[in-house]
Amino acid sequence: MKIAVIGAGYVGLVSAACFAELGHEVIAVDNDPRKVDLLNQGQIPIHEEMLPELVARHRGGRLQFSSNITQASRHADAIFICVGTPPAVTGEADLSYVEGVARELAVSLEGNKVIVEKSTVPVGTAEAVRRTMLLHGANSEHFSVASNPEFLREGTAVADFLYPDRILLGVPDQRARETLSAIYQPILDGSYYKRPDALPGKASQPAQLIVTSVKSAELIKHASNAFLALKISFINSVANVCELVGADVREVAVGMGTDSRIGPRFLTPGIGYGGSCFPKDVLAFRSVARGVGYDFALLTEVMSVNEDQKLRFVAKVREALWTLRGKKLAVLGLAFKGGTDDVRDSPALDLVERFIAEGAQVCAYDPAAMSRAQALLSSDALTYADDAYDACKGADALLILTEWPEFAAIDLTRVRGLLKLPIVLDGKNLLDPEAVLKAGMHYFGVGCCPIADTLSGAQPQSVQPRSAQKTMWSAVAEDAGALQTSAV
Ligand code: NAD
Ligand code: UGA
């Protein structure tokens, strides 16, 4: 098939490279000329595992980059819209980028096309795209607008795209159904996985095909993200109760997650969810419901727990160090999650700002997100370290704020030698508490190891190893991505 992908960001670039990998001829279009130039020079503007290899494999062959939407759309059977849908000040999704693409497509269409929403949009957007295109002169016989929501996660985007749980097609007619089914055929029939040069991913059944109405597909995407965010806020709330009663949320999560109706994934408590999607999509879904007269109060609570979780972590750091003014904090992690350079709506950046506002000095390190963080955050109280150990030098405490697998493998004895005070505050429950204690440091996670109990004794006390902890750490590693754990 011939495909145009409009918007070469985190989703568009991955989708374009993966469509080329599946055998299609793809033109990826972006209206940011610097991005297109970089891509044409073989440089990848984002940090994403396996993406550089994939782009190198197809660039100049089945994968082209352009800033010319007219040319790209004329070449294509299917046109995927992958532009941003950020939150407007009202909380609704700002659909102006999608509308802009619809207008441009209307005046450049030639022949029959399937226009596909891959951006996350409120229910009813496909109808609005169609209306806009008709208003701008497109012939109604020559195009249909379908929905094909994307479920990839940053950090594991390529593997998620090529090895998905399901392919969701919201189709208005047979032409859209046939075109989209043909595009995903190598994943649906499993033939891609039999190729000797197939990229590695989880061993799985071929993806399940789900065909729905366009509106249902649009709604499935918002409901899925909102439900995952709800799951995280739920386990964060459980973690908070655990701290108050002296239970261990890691054991509780394993106990809950082994019930197949609940499942073990997305039950890792922490400093709240972040990123460019969960916060905006929960907000947008609540706005959709409000707009049609339904008060989705549960989502208000999901957001409020998420905000509160960050404040609770700041309070925990304060409790461990008494006051923050003049304290030096080693911060590991700035990205909103491990495996990515994306700092949009990152809880880690939010926390760093709060620590600085309370008078702390922060020395931060992130394996991939430093330059994006630097562009957003600069302060005399903030320095950026060369590596994780550099960040720890002379610090009053070590704080883990992003679940990078390499932080889980940090040399704790070396860390102990570098820190001024033996205090580790793990906002992602990434480290093994027993190992931290063995290295001679106090450990404070989320939903376990209360500070008051631990710091009442002068020396770090050993904890009993728990088999449940090991299981949880494997789950964390899996959610942090199918990335290799390596020493920092
Ligand atoms: P992004 O900001 O990384 O990428 C959007 C790209 O579109 C930018 O490069 C921008 O320059 C380009 N663009 C904007 N207007 C354009 C136009 N008129 N013509 C050509 N290019 C244009 O955003 P993203 O993270 O890739 O997200 C895109 C959409 O996908 C959003 O709706 C998001 O909710 C959804 N989504 C994102 C993820 C994710 O993990 N990031 C996963 C699933 C779905
Ligand atoms: C999320 C969804 O997982 C994807 O399915 C979806 O396609 C995407 O949003 C989107 O629509 O953009 P992503 O935001 O890349 O993907 O990352 P996640 O792995 O979902 O993590 C989101 C946030 O939740 C991160 O801040 C992460 O640290 C946090 N999280 C995740 C937890 O606090 N606990 C968990 O158990 C899992």
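Bear in mind the structure is a predicted one, so any value in this text is a computation, not a measurement. Scope of the values below: all heavy atoms of this structure, side chains included, with no hydrogens, waters or symmetry mates. Atoms within each ligand, like the ligands themselves, are counted from 1 in listed order.
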Counting N and O atoms only, with roles assigned by atom type, does the side chain of [X] sit under 3.5 Å from a partner on the main chain of [Y], one being a donor and the other an acceptor?
X      : Y      : value
Asn148 : Leu169 : no
Glu117 : Ala126 : yes
Asp342 : Ala335 : no

Spacing of Ile210 atom CD1 and Leu168 atom CG [to the nearest 0.5 Å]: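 Rounded to the nearest 0.5 Å, the CD1-CG separation comes to 6.0 Å.
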Salt bridge or not for [X] and [Y], using N-O below 4.0 Å?
X      : Y      : result
Glu21  : Arg57  : yes
Asp341 : Arg372 : yes
Lys316 : Glu243 : yes
Glu25  : Arg62  : no

Protein contact to atom 25 (O) of ligand 1 [nearest heavy atom, distance to 0.1 Å]: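 Ranked first by proximity to atom 25 (O) of ligand 1 is Arg344 NH2, 3.0 Å.
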Nearest-neighbour protein heavy atom for atom 3 (O) of ligand 1, which is reported as residue plus atom name and distance: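 The closest heavy atom on the protein side is Tyr10 N, 3.2 Å.
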Which segment of Leu152 sits under 4.0 Å of ligand 2 when only heavy atoms are counted: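 Only the backbone of Leu152 comes within reach of ligand 2.
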Lys221 touching ligand 2 at heavy-atom level, < 4.0 angstrom: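 Checking ligand 2 against Lys221, which is what was asked, there is a heavy-atom contact under 4.0 Å.
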Contact with ligand 2 for Cys277, non-hydrogen, under 4.0 angstrom: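 In this structure, Cys277 qualifies as a contact of ligand 2 - some heavy atom is under 4.0 Å.
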If we only count N/O pairs under 3.5 Å, is [X] in contact with ligand 2?
X      : value
Phe151 : yes
Arg153 : no
Pro347 : no
Leu228 : no
Tyr273 : no
Gly274 : yes
Glu154 : yes

Stepwise ring pair (Phe, Tyr, Trp, His ring centres under 6.0 Å) test for Phe285 and Phe296: CA-CA 9 Å; Phe285 193 31; Phe296 208 148; 5.5 Å; yes
Contact partition for Leu152 relative to ligand 1, non-hydrogen atoms under 4.0 Å: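 Under 4.0 Å from ligand 1, Leu152 contributes backbone and side-chain atoms.
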Under-4.0 Å heavy-atom contact with ligand 1, by part of Cys82 that carries it: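 Under 4.0 Å from ligand 1, Cys82 contributes backbone atoms alone.
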Indicate every side-chain donor-acceptor pair of residues 85-93 with a distance under 3.5 Å to a residue at least two apart or in another chain.
{"from": "Thr85", "atom 1": "OG1", "to": "Thr120", "atom 2": "O", "distance (Å)": "2.8"}
{"from": "Thr85", "atom 1": "OG1", "to": "Lys280", "atom 2": "NZ", "distance (Å)": "3.3"}
{"from": "Thr90", "atom 1": "OG1", "to": "Glu92", "atom 2": "N", "distance (Å)": "3.4"}

Within 45° cone and under 6.0 Å: Arg59 NZ/CZ vs Phe65 ring: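 No, a cation-pi geometry is absent between Arg59 and Phe65.
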Cation-pi geometry met for Arg130 and Phe143 (6.0 Å, 45°):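 The answer is yes; both the distance and angle limits are met.
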Atoms in ligand 2 flagged as close to Lys428, the criterion being non-hydrogen separation under 4.0 Å: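 Listed by number with element, the hits are 28 (O).
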If you measure from [atom] to every heavy atom of [options], which option wins on shortest distance?
atom                    : options                : value
atom 42 (C) of ligand 1 : Val83, Asn225, Val11   : Val11
atom 13 (N) of ligand 1 : Asn31, Ile46, Val14    : Asn31
atom 37 (C) of ligand 2 : Phe278, Phe336, Phe266 : Phe266

Lys35 N/O under 3.5 Å from ligand 1 N/O: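 For ligand 1, there is an N or O atom that lies under 3.5 Å from one belonging to Lys35.
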Does [X] reach ligand 1, in the sense of a heavy atom lying below 4.0 Å from it?
X      : result
Lys280 : yes
Gly100 : no
Ile6   : yes

Intermediate values then yes/no, ring pair (Phe, Tyr, Trp, His ring centres under 6.0 Å), Tyr192 and Tyr184: CA-CA 10 Å; Tyr192 174 69; Tyr184 286 106; over 10 Å; no
Where ligand 1 meets Thr85 - atom numbers and elements under 4.0 angstrom, heavy-atom basis: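 In order of number, 31 (C), 32 (O), 34 (O).
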